[in-house]
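Everything below concerns the one structure shown next.
Just so it is clear, the model here is predicted, and its values are computed rather than measured.
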Amino acid sequence: MAKRSQRSKSREHFSASQNVQPLFPNRPWSPHDRDQENRDRRYVKNVRAMSPTQQQLMDAIDAQSVILALGPAGTGKTYLAVAKAVEALEAGKVQRIVLSRPAVEAGESLGFLPGDLNEKLAPYLRPLYDALTERLGTKRLKTLLAEGVIEIAPVAYMRGRTLSECFVVIDEAQNCTYGQIKMLLTRLGWRSTMVLTGDPDQTDLLPGMSGLSDIARRLEPIPDVPVVRLTEGDIVRHPLVASMLTVL
């Protein structure tokens, strides 16, 4: 009884506004921050463009069926494409998401990789998993992968397929030959969107083997196939990335 009366007395000293205390005293945000100005926004539901060219890319994805996004590292090519793919899936515009990437080593030989096929390909496809995880969360991503709603496959496994009612993202297209990109473009089926992303200046193939620049030059005159070229001004990574790319 004594403890109960002591607790009731202590409650009387708090007003209604004092009943809610900051969750993290050492951080600037608290539940009383109605304007949400100091809250950490690491995740946003609706991705928005950080530059006019990024907005051009997002508008092109909404309007056209085949889009080429070319630009240096850090310009958001892959992230925006994956975000648009998730957006289309959740809106019911497509039935599946198919993400493909060439299994090309970045300048060093990894040798024999242990494990089954998925484990061997995991290091090459990791960037796509990272982008999907950020948009969907780990648990939901695992569910969609298990159900086959999201498929991540190397370029070599795309031949002979017709991708209808899909959102297709071909990442690191600069590591594909002309023949491979031509094969990928002809996989497009009905009610599908295909986005090819890549940086022609960062190919890991031998000189003259990458077909991305040639494909972009040939398709650019076609009105229904926009070729969006991002530049150093669209880089959203550390400011030093843009500075280094201007001299490297």
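When all heavy atoms of Tyr129 and Leu141 are compared, the closest pair comes out as O-CD2, 4.0 Å. Nearest approach of Ile181 to Ala173, heavy atoms of both residues: CD1-O, 3.7 Å. Annotation for Gly71 and Asp199: closest pair O-CB, 3.1 Å, computed over non-hydrogen atoms. In plain terms, the two heavy atoms of Gln202 and Ala73 that are nearest each other are OE1-CB, 4.2 Å.
Here CG of Leu205 is found 8.0 Å from SG of Cys176. Values are rounded to the nearest 0.5 Å. Note that NZ of Lys142 and CD of Glu147 are 14.5 Å apart. Values are rounded to the nearest 0.5 Å. For the atom pair CZ of Arg218 and CG of Asp214, the computed distance is 4.5 Å after rounding to the nearest 0.5 Å. Separation of atoms CD (Gln180) and CZ (Arg159) is listed at 8.5 Å; rounding is to 0.5 Å. Between Met209 atom CE and Tyr178 atom OH the span is 15.5 Å, to the nearest 0.5 Å. Going from atom OG of Ser65 over to atom CZ of Arg191 covers 11.0 Å, rounded to the nearest 0.5 Å.
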Go through the steps to decide whether Asp59 and Gln55 satisfy the test side chain to side chain contact (heavy atoms under 4.5 Å, CB included), and finish with yes or no.
-> CA-CA 6 Å; Asp59 293 340; Gln55 186 62 55; 2.9 Å; yes
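For the pair Leu185/Ile215, a side-chain contact is recorded, criterion being any heavy-atom separation below 4.5 Å from C-beta on. At least one side-chain heavy atom of Pro127 sits less than 4.5 Å from a side-chain heavy atom of Arg101. Between Glu87 and Val47, the closest side-chain pair of non-hydrogen atoms is not below 4.5 Å. Proximity of Leu70 to Pro200: side-chain heavy atoms (C-beta onward) are separated by under 4.5 Å at one or more points. A heavy-atom distance below 4.5 Å is found between the side chains of Thr193 and Ile67. At least one side-chain heavy atom of Leu132 sits under 4.5 Å from a side-chain heavy atom of Ile152. Using a 4.5 Å cut-off on side-chain heavy atoms (C-beta onward), Glu90 and Leu136 make contact. With a 4.5 Å cut-off on side-chain heavy atoms, Glu151 and Tyr157 do not count as touching.
Between the side chain of Thr162 and the main chain of Gly189, no donor-acceptor pair closer than 3.5 Å is present. Proximity of a side-chain donor or acceptor of Asn175 to a complementary backbone N or O of Asp204 within less than 3.5 Å is detected. In terms of modelled atom types and a separation under 3.5 Å, the side chain of Ser210 and the main chain of Gln174 share a donor-acceptor contact. With hydrogens and angles disregarded, no donor-acceptor distance shorter than 3.5 Å links the side chain of Lys182 to the backbone of Thr177. Under the 3.5 Å distance criterion, the side-chain polar atoms of Ser100 are left unmatched by any main-chain donor or acceptor of Ile170. With Arg187 contributing its side chain and Met183 its backbone, the two residues share a donor-acceptor pair below 3.5 Å. The main-chain N or O of Leu163 is found under 3.5 Å from a side-chain atom of Ser192 such that the two form a donor-acceptor pair.
Contact check on Arg229 versus Glu220 returns a salt bridge, with a Lys/Arg side-chain nitrogen under 4.0 Å from an Asp/Glu carboxylate oxygen. A salt bridge between Asp62 and Lys84 is present, with a side-chain N of the basic residue lying under 4.0 Å from a carboxylate O of the acidic one.
Two different hydrophobic clusters hold Ile61 and Leu196 under the rule that ILVMFWY side chains link at heavy-atom gaps under 4.5 Å. Val98 and Val155 fall within a single hydrophobic cluster, where Ile, Leu, Val, Met, Phe, Trp and Tyr side chains are chained together by heavy-atom contacts under 4.5 Å. Note: the hydrophobic cluster containing Leu184 does not contain Leu128 (ILVMFWY, side chain heavy atoms under 4.5 Å, direct or indirect links). If you chain together hydrophobic residues whose side chains sit under 4.5 Å apart, Ile150 and Val168 never meet in one group. Val66 and Trp190 fall into different hydrophobic clusters, defined by Ile, Leu, Val, Met, Phe, Trp and Tyr side-chain heavy atoms under 4.5 Å apart, directly or through other members.
Residue Leu57 is tested with Thr197, Asp234, Leu80 for a side-chain contact (heavy atoms from CB on, under 4.5 Å); the sole match is Leu80.
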